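Here's the structure, in structure tokens; my notes come after.
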Amino acid sequence: MEMKIGVIKGDGIGPEIVDEAMKVLDKVAEVYGHSLSYTQLLMGGASIDVNGVPLTDETLEAAKASDAVLMGSIGGDAKTSPWYQLEPSKRPEAGLLQLRKGLNLFANLRPAVLYEELKGACPLKEEIADRGFDMMIMRELTGGLYFGKRSTREEDGVLVARDELTYSETEIRRIAKRGFDIAMKRKKKVTSVDKANVLDSSRLWRKIVEEVAADYPEVALEHMLVDNCAMQLVKDPAQFDVILTENMFGDILSDEASMVTGSIGMLASASLNDTKFGLYEPSGGSAPDIAGKGIANPIATILSAAMMLRYSFDLDREADAVEKAVGMVLKDGYRTIDIMSEGKKQIGTKEMGDRICTYIGK
């Protein structure tokens, strides 16, 4: 297969961790007989330095021309970087919002996996961590409360703020279909999370999800209220496979799920549109305080590249190989400083990428 990948190395540790993900993708192509081509793109602070804006029209068009985009972290130190002296629309993170909108990325995927070798970092009780978990948060990314009409005005001498929560049948159906498609590649269970006991938007959400579920007889569907889901994530996370939910609930639940894994340096993410195109990036920030020191954990970006192989190119075997290689390196006791524990062997960014490459295809 020929893969055309746009690459946004980003800011801070972004270039370091993206280089390791590209190294792993190159190894996958070598072992499994694929061809890769990369187009380097500027976004965020790196684009501001060159172009004066965080995202140019040319970069957006080049991203659209790619099969998928691999991205590092965006942004810098908000207290010291001159990027944050600019108006909000010209700051690094504004480029990311523009990119998501321009590429119509409506589905956000955030896996939360507790590796056997990293159970000690899990903040949950030992008996819960021992059961392990491997879930995917599927969050609708372009609708709901965050994108509704909003206003703050004075009424009868009192300030009144309003935020409108709106979802259409079309918006719900497309994210639900994507959620069930993802479940078919996993353990074939969807937990749809809403607040249907209170909200009309959630009642419509539940109705449409049930209609979509009828087209996926192999996938088990359950409904769960968001407050119960928040509790269950810390009580029994092993019960979940795919959690399907709307924008605000997904924002909150995905952060909660990431916390119980114990290390943000292990957390991949993807944002997909209604084609096979996706934007793949680590969940963590740009960590400017450690940039250039060669100690950043590249695993989240490498696992994001594995998601790219799986969801944009349908290369499940190759994605499995990358995820297995990560697990084998951890089993061998190698750790970057953020996941280091007593008795393990601390290595740097490049060596972690090298060691993962040695296990590809084995």
Side-chain angles (χ1 to χ4, degrees), residues 5-25 38-51 53-56 59-60 63 66 68-84 86 88 90-100 103 105 108-112 137 139 141 251 254-255 258-259 261 263-271 278-308 326 336-339 348-350 352-353 356:
I5 300 172
V7 176
I8 300 172
K9 291 190 175 182
D11 310 314
I13 62 171
E16 300 167 67
I17 56 179
V18 169
D19 281 347
E20 300 313 303
M22 293 171 65
K23 184 189 297 180
V24 170
L25 286 171
Y38 298 111
T39 301
Q40 298 292 336
L41 307 173
L42 289 179
M43 198 187 76
S47 178
I48 293 171
D49 289 344
V50 175
N51 303 307
V53 293
L55 178 69
T56 66
T59 294
L60 179 58
S66 303
V69 171
L70 177 67
M71 187 170 73
S73 304
I74 300 298
D77 188 330
K79 295 180 179 179
T80 61
S81 172
W83 301 331
Y84 295 91
L86 302 170
K90 292 186 178 180
R91 294 175 185 174
E93 292 77 8
L96 180 56
L97 296 177
Q98 294 165 21
L99 188 68
R100 287 172 176 167
L103 297 174
L105 302 173
N108 180 248
L109 283 67
R110 286 272 296 271
I137 311 289
R139 168 190 172 191
L141 199 59
D251 188 5
S254 61
D255 280 354
S258 68
M259 182 61 204
T261 68
S263 175
I264 199 167
M266 299 291 295
L267 300 176
S269 77
S271 298
L279 173 70
Y280 299 87
E281 59 181 314
S283 295
S286 62
D289 55 318
I290 62 169
K293 296 182 179 180
I295 61 174
N297 188 347
I299 291 179
T301 315
I302 290 168
L303 291 174
S304 297
M307 293 180 74
M308 175 192 295
V326 169
T336 47
I337 191 170
D338 61 308
I339 54 173
T349 308
K350 290 183 178 180
M352 180 61 79
I356 290 171

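Every value quoted in this text rests on a predicted model; they were computed, and no experiment measured them.
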Notebook entry, point to check: Which atom names give the shortest non-hydrogen contact between Ile337 and Ile295, and what distance separates them?
Noted result: CG2-O, 4.0 Å
Margin query: Would you compute the distance between atom CG of Leu103 and atom CD of Gln98 and round it to the nearest 0.5 angstrom?
Written below: 11.5 Å
Notebook entry, point to check: Does Asp251 reach the side chain of Arg139, with side-chain heavy atoms less than 4.5 Å apart?
Noted result: yes
Checklist line | Within-4.5 Å side-chain heavy-atom neighbours: Ile8 and Leu99 | finding: yes
Checklist line | Which atom of Gly45 lies closest to which atom of Asp11, heavy atoms considered | finding: N-OD2, 2.9 Å
Check: Tell me the side-chain hydrogen bond (donor to acceptor under 3.5 Å, both in side chains) pairs involving residues 285-298, sequence neighbours left out?
Finding: Asn297-Thr336, Asn297-Asp338
Item checked: Atom of Ser47, atom of Pro54 and distance for their closest heavy-atom approach -> CB-O, 3.5 Å
Note to self: So, taking the atom named CD1 in Ile17 and the one named OG in Ser304, what distance separates them when rounded to the nearest 0.5 Å?
What the structure shows: 8.5 Å
Check: Yes or no on side chain to side chain contact (heavy atoms under 4.5 Å, CB included) for Met43 and Leu96, after CA distance, side-chain angles and deciding distance?
Finding: CA-CA 8 Å; Met43 198 187 76; Leu96 180 56; 4.1 Å; yes
Margin query: Suppose we screen for side-chain contact (heavy atoms from CB on, under 4.5 Å). Which residues come up paired with Ser81, at least two apart in sequence or across chains?
Written below: Trp83, Tyr84
Next item on the list: Answer whether the closest heavy-atom distance between the side chains of Glu20 and Ile356 falls below 4.5 Å.
Entry: no
Next item on the list: With rounding to the nearest 0.5 Å, note down the distance linking NZ in Lys9 to CE in Met22.
Entry: 5.5 Å
Next item on the list: Drop me the distance from Met352's CE to Lys23's NZ, to the nearest 0.5 angstrom.
Entry: 11.5 Å
Check: Is the shortest heavy-atom distance from the side chain of Glu281 to the side chain of Ile74 under 4.5 Å?
Finding: no
Check: Looking only at heavy atoms, what is the nearest atom pair of Glu16 and Gly294, with distance?
Finding: OE1-N, 3.3 Å
Checklist line | For Met307 against Leu109, the heavy-atom pair lying closest together | finding: CE-CB, 3.8 Å
Notebook entry, point to check: Would a 4.5 Å heavy-atom cut-off, applied to side chains only, mark Thr349 and Ile13 as touching?
Noted result: no
Check: If every non-hydrogen atom of Pro282 is compared with every non-hydrogen atom of Thr301, which pair is closest and at what distance?
Finding: CG-OG1, 3.6 Å
Checklist line | Spacing of Ser271 atom OG and Asn108 atom CG [to the nearest 0.5 Å] | finding: 4.0 Å
Notebook entry, point to check: Would you say the side chain of Ile339 lies within less than 4.5 Å of the side chain of Met266, judging by non-hydrogen atoms?
Noted result: yes
Next item on the list: Determine, stepwise, if the pair Leu25 / Leu70 fulfils side chain to side chain contact (heavy atoms under 4.5 Å, CB included).
Entry: CA-CA 11 Å; Leu25 286 171; Leu70 177 67; 4.2 Å; yes
Notebook entry, point to check: Looking at Asp19 and Lys350, does any basic side-chain N land under 4.0 Å from a carboxylate oxygen?
Noted result: no
Notebook entry, point to check: Do Leu303 and Leu267 have side-chain heavy atoms sitting under 4.5 Å apart?
Noted result: no
Checklist line | pair Arg110-Asp255: side-chain heavy atoms closer than 4.5 Å | finding: yes
